[in-house]
2 protein chains.
Amino acid sequence: MAGSSPEIRMGELEPIDRRSTAAIVADRIRAAIMRGTFPPGTQLGEVDLAARLGVSRGPLREAMQRLVAEGLLRSERHRGLFVRDLDAADVRDVYTARTAVERAAALLLLAEPDRGPAVARLTAAITAMEAAAAAGDTVALADADHDFHAELVAASGSPRLHRMSRTLLVETRMCLAALQQTAPPSEDLLAEHRTLRDALATGDGVLMTRVLEAHMADAVSRILDVAPPPALPA
Amino acid sequence: MAGSSPEIRMGELEPIDRRSTAAIVADRIRAAIMRGTFPPGTQLGEVDLAARLGVSRGPLREAMQRLVAEGLLRSERHRGLFVRDLDAADVRDVYTARTAVERAAALLLLAEPDRGPAVARLTAAITAMEAAAAAGDTVALADADHDFHAELVAASGSPRLHRMSRTLLVETRMCLAALQQTAPPSEDLLAEHRTLRDALATGDGVLMTRVLEAHMADAVSRILDVAPPPALPA
DNA sequence: GCCGGGCAAGTTGTCGACAATCGTACAAGT
DNA sequence: ACTTGTACGATTGTCGACAACTTGCCCGGC
């Protein structure tokens with residue numbers, strides 16, 4: 001799979017109109033939701049969106065159905081499409097699902113002999129987080145956090161875990177944007193990510209899973225800003 | 001949610017067209033794929049399907065996009081939609097993802113105080129499996145197996161895990177249908193499911209996860225052993 | 001003053017038709 | 001005989017328009 005023809009560089013000669021219009025539109029809307037352009041609960045008018053994106057209502061509706069299938073949009077018949085608003089139960093659910101997916105990805109990664117590239121990518125994400133934290137740029141910090149976990153799952157090489165993770169990370173961003181965390185304790189956040197990377201590098205699976213679960217539980221309590229419910233039994 | 005008004009029976013007065021046409025069509029196609037009506041690799045013509053389902057191409061395309069998002073269909077521009085064919089790597093990936101999801105569901109369930117209803121449902125599925133095994137009905141056995149794992153995840157109460165599980169179980173059925181397992185060692189299969197139920201009933205999390213992982217690994221080797229060469233029957 | 005019926009506006013759901021594209025088969029040239 | 005060019009058939013991608021539904025408001029009646 002990797003490096004079949006050394007003379008052909010990545011994405012140089014293979015594709016021209018690789019993806020369908022619906023997929024492109026879906027990516028746009030997904031990014032907009034993640035970015036917070038469409039806050040939870042807002043109605044997405046079809047004609048308006050279609051005109052804004054320069055496509056007709058047909059492809060746009062196809063893209064919408066895709067997002068509905070992912071759980072990002074809520075469809076009410078003859079009423080319209082709305083961005084799903086997440087309550088406390090949803091926040092917990094997102095993070096339990098993320099824990100499941102990222103734990104599995106970490107285990108896959110730990111079973112691999114050469115974890116060098118993965119560690120390098122995670123380190124790059126951590127570096128970006130450090131820079132963002134130093135600059136006080138909360139959105140860049142969230143971006144880097146996002147990248148860290150996305151890279152972790154992507155490096156596992158599992159297409160299904162990757163697909164699940166993408167949606168879950170978007171929902172994570174929705175949680176963060178909706179609840180507007182004001183002052184994230186970025187030092188703890190950085191330390192947790194560094195520990196995750198180090199555990200992966202050294203191959204300490206027990207530490208990895210434990211820190212990962214704690215990391216998720218921390219995030220939930222941080223978002224909900226309530227007393228963390230009794231943690232999962234070890 | 002359960003038993004709000006005792007006078008209203010389930011699905012008697014509330015809904016008439018609760019779900020969108022695209023969702024219904026998507027369910028139909030998904031069931032057909034799962035059932036094996038559309039073997040992997042077959043092309044799904046839009047006009048033919050639309051006429052057969054009594055809808056226009058619009059709603060049908062929306063449903064297709066939904067299934068593409070789930071990874072059950074593969075879309076090639078200006079070529080058509082094809083049922084995804086799963087190779088050995090996909091089989092392993094499906095089961096790693098399933099392991100992740102069902103392990104998380106089991107842990108959620110173990111954290112719940114009252115596991116009685118869940119155990120009862122799993123027992124019902126096991127009973128169905130026993131009956132199917134006794135009758136030598138392999139398809140009913142696969143149905144019951146499907147139900148067991150679906151109930152396990154559904155009982156966890158996590159909508160996201162549930163949604164992921166649904167797609168993964170369909171893909172599992174695709175693996176089974178494609179490779180046509182001839183004589184499943186149903187006794188081992190039953191024993192494994194009984195152990196899972198008992199571990200859930202007694203609250204033995206360590207046993208539960210261990211047996212679950214072994215169960216998945218067994219299934220993978222069982223499927224791949226039938227057809228060791230992943231060579232496509234070209 | 002309150003309730004029920006009816007009207008109007010705006011939205012989504014659905015359909016049919018046109019245009020663009022790809023695969024295949026056949027013919028011509030080298 | 002192999003390659004190249006071309007025409008055809010079939011399918012998908014896209015668009016615009018009509019129909020159905022829901023919602024909110026206004027008005028008449030009790």
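Chain identifiers are assigned alphabetically (A, B, ...) following the order of the sequence lines, protein sequences preceding nucleic acid strands; residue numbering begins at 1 within each chain. Note that the structure is predicted; figures quoted are calculated from it, not measured.
- Residue B:Arg57 places a side-chain atom within donor-acceptor reach of the base of D:dG13, judged by atom type and a 3.5 Å distance cut-off alone.
- Remark: C1' of C:dC22 and CD of B:Gln43 are 11 Å apart, rounded to the nearest angstrom.
- By the 4.0 Å N-to-carboxylate-O rule, B:Asp27 lies close enough to B:Arg19 to be salt-bridged with it.
- Here D:dA10 presents its P atom at 18 Å from CG of B:Leu49, a figure rounded to the nearest Å.
- Nucleotide C:dT14 holds its P atom 11 Å from the CD atom of A:Glu46, rounded to whole Å.
- Across all strands shown, A:Leu44 has heavy atoms under 4.0 Å from sugar-phosphate atoms exclusively, and none from any base.
- Computed from coordinates, the A:His78 NE2 to C:dG13 C1' distance equals 5 Å when rounded to whole Å.
- For B:Leu53 and C:dC15, the CG to P distance is 11 Å, given to the nearest whole Å.
- Classification of B:Glu171 and B:Arg173 as a salt-bridged pair fails, no side-chain N sitting under 4.0 Å from a carboxylate O.
- For D:dG13, the OP1/OP2 oxygens have a side-chain nitrogen or oxygen of B:Arg61 closer than 4.0 Å.
- As rounded to whole Å, 13 Å separates atom P of C:dA20 from atom CZ of B:Arg77.
- The phosphate of D:dC21 has neither OP1 nor OP2 within less than 4.0 Å of any side-chain N or O from A:Arg79.
- Rounded to whole angstrom, the span from the CG atom of B:Leu81 across to the C1' atom of C:dC22 amounts to 15 Å.
- At whole-Å resolution of the value, CG in B:Asp48 and C1' in D:dT12 are 15 Å apart.
- DNA chain C lies under 4.0 Å from no heavy atom of any residue of residues 63-72 of chain B.
- Judged purely by atom type and a 3.5 angstrom limit, A:Asp145 has no side-chain atom pairing as donor or acceptor with the backbone of A:Met129.
- At distances below 3.5 Å, at least one donor-acceptor pair connects side-chain atoms of A:Ser221 with backbone N or O atoms of A:Ala217.
- Side-chain N/O atoms of A:Thr172 and A:Arg98 include a donor and acceptor closer than 3.5 Å.
- Only one option out of B:Arg61, B:Arg79, B:Arg52 pairs with B:Glu46 in a salt bridge (charged side-chain N to carboxylate O under 4.0 Å, His left out); it is B:Arg61.
- Among the atoms of the strands shown, only primed sugar atoms or phosphate atoms (P, OP1, OP2) are found under 4.0 Å from some heavy atom of A:Gly80.
- In this structure, B:Glu70 pairs ionically with B:Arg166, as a charged nitrogen and a carboxylate oxygen lie closer than 4.0 Å.
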